[in-house]
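Inspection log for the structure reproduced underneath, given as structure tokens.
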Amino acid sequence: MMQSIIYRTIIVGDSRCICCASANLCSSLGTRHFSHKEQCEEDLTKYMDILTAKLGKGSSEDQTLHTLCNDQACDAIPLSQNLVHRLLRRYKDDWKSALGVFKWASSRLSFRHSPESYDMMVDILGRMKVMEKLRDFLEEMREGGLVTMNTVAKVMRRFVGAGQWVDAVRIFDDLQALGLEKNTESMNLLLDALCKERFVEQAREIFLELKQHIAPNAHTFNIFIHGWCKVCRVDEAHWTIQEMKGYGCRPCVISYSTIIQCYCQEGNFGRVYELLDEMQAQGCSPNVITYTTVMCALAKAEKFEEALEVPKRMRSSGCRPDTLFCNSFIYTLGRAGRLDDAAYVFKVEMPKAGVVPNTSTYNSMISMFCHYAQEKRAFEILKEMENSGNCKPDAQTYHPLIKSSFRTGKIDRLLNDILNDMINKYHLSLDLSTYTLLIHGLCGAERCNWAFSLFEKMIDQDIIPRYRTCRLLLDEVKQQNMYQAAEKIEDLMKKL
């Protein structure tokens, strides 16, 4: 049995003021006013540049507070909610600077934090697992009556994520002291936090106690279905469907689809088909997401013929396809080597069903044709994509085409055209995967000078190459007696 625990017992020591040493956060709220002044993008950028230039990563919150409070340029900046939110997002991975910024803003008499700012700060402290600071911060919020159900949800999730699930239960126990109710909504928040972090058995024990006083709803049981599936106990998940019926709650498509996904991951397609039939019998028809999940799982298991039966089953049930389903269908047809059928889905069935292709649709078609050495058809799809007006190519669009240029040996003309389109026509930045693909391909084609030139551009952009890429390029440049290039690569490898 879970015993009720008073939240205050987890507050360690005296509550410390988190605004500034001389003023209590919550008691001073009444003397402050919200900053309503809107700031344009140009001003926000300027103020952000001034403030971030003053702060050093890793400084303590007190150092950050002292720096900002004693700087005339910072003092002259008019605070707004937008600016504070941007600062907190900027320092979301540096809790000391974030808390220092929060204290500094709190010390300004003309400013009052929004509830969103408090919740952002709670999330930062919890995500960085500085739980004592989070406890102090939450106690300050409690004293000021600032805790909302959204705050509680974030705090519970962060405590459970840090492995301190008992503290999450303590917060639930003391909800009334925080000015909130123990009801189905708050119970579900606790159970959801526990189940998402795999504490499903603990959540079950808590539920068995609470259900005597708080009525569960369908969402309660869906939380458990997801939780049991997350820990690969699909039989308990299936049993939960029967339990929810006993409480007068009707299982929905999410309930069944979660279990179907779990069976798909196990490769137990016999149970998948049984559940699909059960859904139809219960008047809970599978939706397009359910069918997409099943078809993708079958394709991944290389059961292509079974996978291609799924669209027929979906059509017979009256369920309409969407873009994601069609993308998966095209991918499955491509894996099965049925290129003309994939092209028919793309050119005929999608327009007929009113399904608009997206970038992933075109990318799947291009990748499929390149894989089967049908580059002409791949470039035709690229041209259609460019003329569609619906979407533009991204880096992934060009990766299969780059591979094809190396495979066919059309490097000088074709690869130059591809890179020109990427950089100059569509203003795409080359990322780590693109640079890696190019350097490896050029090394294989004995184009060391070009590969090393790209390597230098990569370094200039602060993109760190993988060790394997450095090793490959180093071997190639040494064979070509490019000693200065070899020295530069070796210097970088020492730092990796």
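Treat the numbers as computed from the prediction; the structure is a model and nothing was measured.
Heavy atoms from other residues, nucleotides or ligands lying under 6.0 Å from CD of E456 number more than 12.
A salt bridge is defined here as a Lys NZ or Arg NE, NH1 or NH2 lying under 4.0 Å from an Asp or Glu carboxylate O, and D71 with K54 meets this definition. Look at R377 and E384 and you find no salt bridge, because none of the NZ, NE, NH1 or NH2 atoms lies under 4.0 Å from a carboxylate O. A salt bridge is defined here as a Lys NZ or Arg NE, NH1 or NH2 lying under 4.0 Å from an Asp or Glu carboxylate O, and K347 with D340 fails to meet this definition. Of the charged side-chain nitrogens involved, none lies within less than 4.0 Å of a carboxylate oxygen, so that K495 and D491 do not count as a salt-bridged pair. Taking a cutoff of 4.0 Å between a charged side-chain nitrogen and a carboxylate oxygen, D93 and R127 qualify as a salt bridge. Salt bridge absent: E266 and R271 never bring a charged side-chain N and a carboxylate O closer than 4.0 Å. Looking at E386 and K392, no side-chain N of the basic residue comes within less than 4.0 Å of a carboxylate O on the acidic one, giving no salt bridge. Between E375 and K403, none of the side-chain N atoms (NZ, or NE/NH1/NH2) sits under 4.0 Å from a carboxylate O, so this pair counts as no salt bridge. Taking the charged nitrogens against the carboxylate oxygens, K103 and D62 do have a contact shorter than 4.0 Å, which makes a salt bridge. A salt bridge does not link K383 to E380: none of the charged nitrogens lies less than 4.0 Å from a carboxylate oxygen. Between E197 and R157, no side-chain nitrogen of the basic residue sits less than 4.0 Å from a carboxylate oxygen of the acidic one, so the salt-bridge criterion is not met.
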Kindly determine whether L428 and T397 satisfy side chain to side chain contact (heavy atoms under 4.5 Å, CB included), including the steps that lead there. CA-CA 11 Å; L428 296 172; T397 308; over 6 Å; no

Step by step, would you call E349 with K352 a salt bridge (Lys or Arg N to Asp or Glu O under 4.0 Å)? CA-CA 5 Å; E349 291 194 6; K352 185 178 178 181; over 6 Å; no

Can you check side chain to side chain contact (heavy atoms under 4.5 Å, CB included) on L275 and Y263, steps first, answer last? CA-CA 10 Å; L275 269 181; Y263 280 129; 3.7 Å; yes

Test side chain to side chain donor-acceptor pair (under 3.5 Å) on T361 and N327 and set out the steps. CA-CA 5 Å; T361 317; N327 291 352; 2.5 Å; yes

Please report the C-alpha distance between K478 and Y483 in whole Å, then the side-chain angles of each, then the deciding distance to 0.1 Å, and finally whether the side chain to side chain contact (heavy atoms under 4.5 Å, CB included) criterion is met. CA-CA 7 Å; K478 281 183 175 179; Y483 300 117; over 6 Å; no

List the steps and the verdict of side chain to side chain donor-acceptor pair (under 3.5 Å) for S433 and D431. CA-CA 6 Å; S433 60; D431 57 12; 3.0 Å; yes

Assess the residue pair K133 and E61 against the criterion (side chain to side chain contact (heavy atoms under 4.5 Å, CB included)); give the C-alpha distance rounded to whole Å, side-chain angles, the decisive distance to 0.1 Å, and a yes or no. CA-CA 11 Å; K133 291 286 183 183; E61 65 267 29; 2.5 Å; yes

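Residue K129 comes nearest to A162 through the heavy atom pair CE-CA, 3.8 Å, listed as atom of the first residue, atom of the second, then distance. Across all non-hydrogen atoms, the minimal contact from L430 to I463 is O-CD1, 3.5 Å. Considering every non-hydrogen atom in both P286 and Q280, the closest pair reads CD-NE2, 3.6 Å. Summarising the geometry of A98 relative to I124, their closest heavy-atom pair is CB-CD1, 4.0 Å, with the distance given to 0.1 Å. Contact detail for S97 and Y91: the closest heavy-atom pair is CB-CD2, 3.7 Å.
One N or O on the side chain of S405 and one on the backbone of I402 form a donor-acceptor pair closer than 3.5 Å. The backbone N or O of V356 sits less than 3.5 Å from a side-chain atom of T323, completing a donor-acceptor pair. A side-chain donor-acceptor contact under 3.5 Å links R407 to the backbone of C370. A donor-acceptor contact shorter than 3.5 Å links the side chain of N416 to the backbone of D412.
To the nearest 0.5 angstrom, M48 atom CE is 11.0 Å from N82 atom CG. If you take NZ on K230 and OG1 on T258, they are separated by 11.5 Å, rounding to the nearest 0.5 Å. Interatomic distance, L492 CG to K494 NZ, rounded to the nearest 0.5 Å: 11.0 Å. Expressed to the nearest 0.5 Å, how far CZ of R468 lies from CZ of R471 amounts to 13.0 Å. The line from CZ of R108 to CG of L68 is 9.5 Å long, rounded to the nearest 0.5 Å. Of the inter-residue distances, the one linking K154 atom NZ with L189 atom CG reads 11.5 Å to the nearest 0.5 angstrom.
A donor and an acceptor atom, one from each side chain of S255 and N222, are located under 3.5 Å apart. Donor-acceptor pairing under 3.5 Å is recorded for the side chains of H85 and S114. Defined by atom type and a distance below 3.5 Å, a donor-acceptor pair is missing between the side-chain atoms of N70 and D75. For the residue pair S367 and S364, no side-chain donor N or O sits within less than 3.5 Å of a side-chain acceptor on the partner. A donor-acceptor contact closer than 3.5 angstrom links the side chains of N424 and N420. Under 3.5 Å, the side chains of T469 and Y435 contain no donor-acceptor pair of N or O atoms. For T52 and R90, the side-chain atoms include no donor-acceptor pair closer than 3.5 Å. Residues T67 and T64 bring no donor and acceptor atom of their side chains to less than 3.5 Å of each other. Of the N and O atoms on the side chains of D394 and N363, at least one donor lies less than 3.5 Å from an acceptor on the other residue. With hydrogens and angles left out, the side-chain atoms of T290 and S257 include a donor and acceptor closer than 3.5 Å.
No side-chain heavy atom of I439 sits less than 4.5 Å from a side-chain heavy atom of P465. Contact check for C195 versus W228: no side-chain heavy atoms found under the 4.5 Å cut-off. The shortest distance between side-chain heavy atoms of S117 and Q81 falls below 4.5 Å. Q63 places a side-chain heavy atom less than 4.5 Å from the side chain of S60. Between E302 and R335 there is a side-chain heavy-atom pair separated by less than 4.5 Å. Side-chain contact check for P393 versus T359: every heavy-atom pair is 4.5 Å or farther apart. Two residues are said to be in side-chain contact when any heavy atoms from C-beta on lie closer than 4.5 Å; L432 and T436 meet this criterion. W450 places a side-chain heavy atom less than 4.5 Å from the side chain of L415.
With sequence neighbours excluded, the residues that form a side chain to side chain contact (heavy atoms under 4.5 Å, CB included) with Q479 are E476. Not counting sequence neighbours, the partners of F224 by the ring-ring contact (aromatic ring centres under 6.0 Å, His included) test are F207.
The list of ring pair (Phe, Tyr, Trp, His ring centres under 6.0 Å) pairs with a residue in residues 361-394, not counting sequence neighbours, reads F346-Y362.
Ring planes of Y118 and H113: perpendicular class, angle over 60° (limits at 30 and 60°). The aromatic rings of F102 and F137 lie perpendicular to each other, with more than 60° between the two planes, well past the 30° mark.
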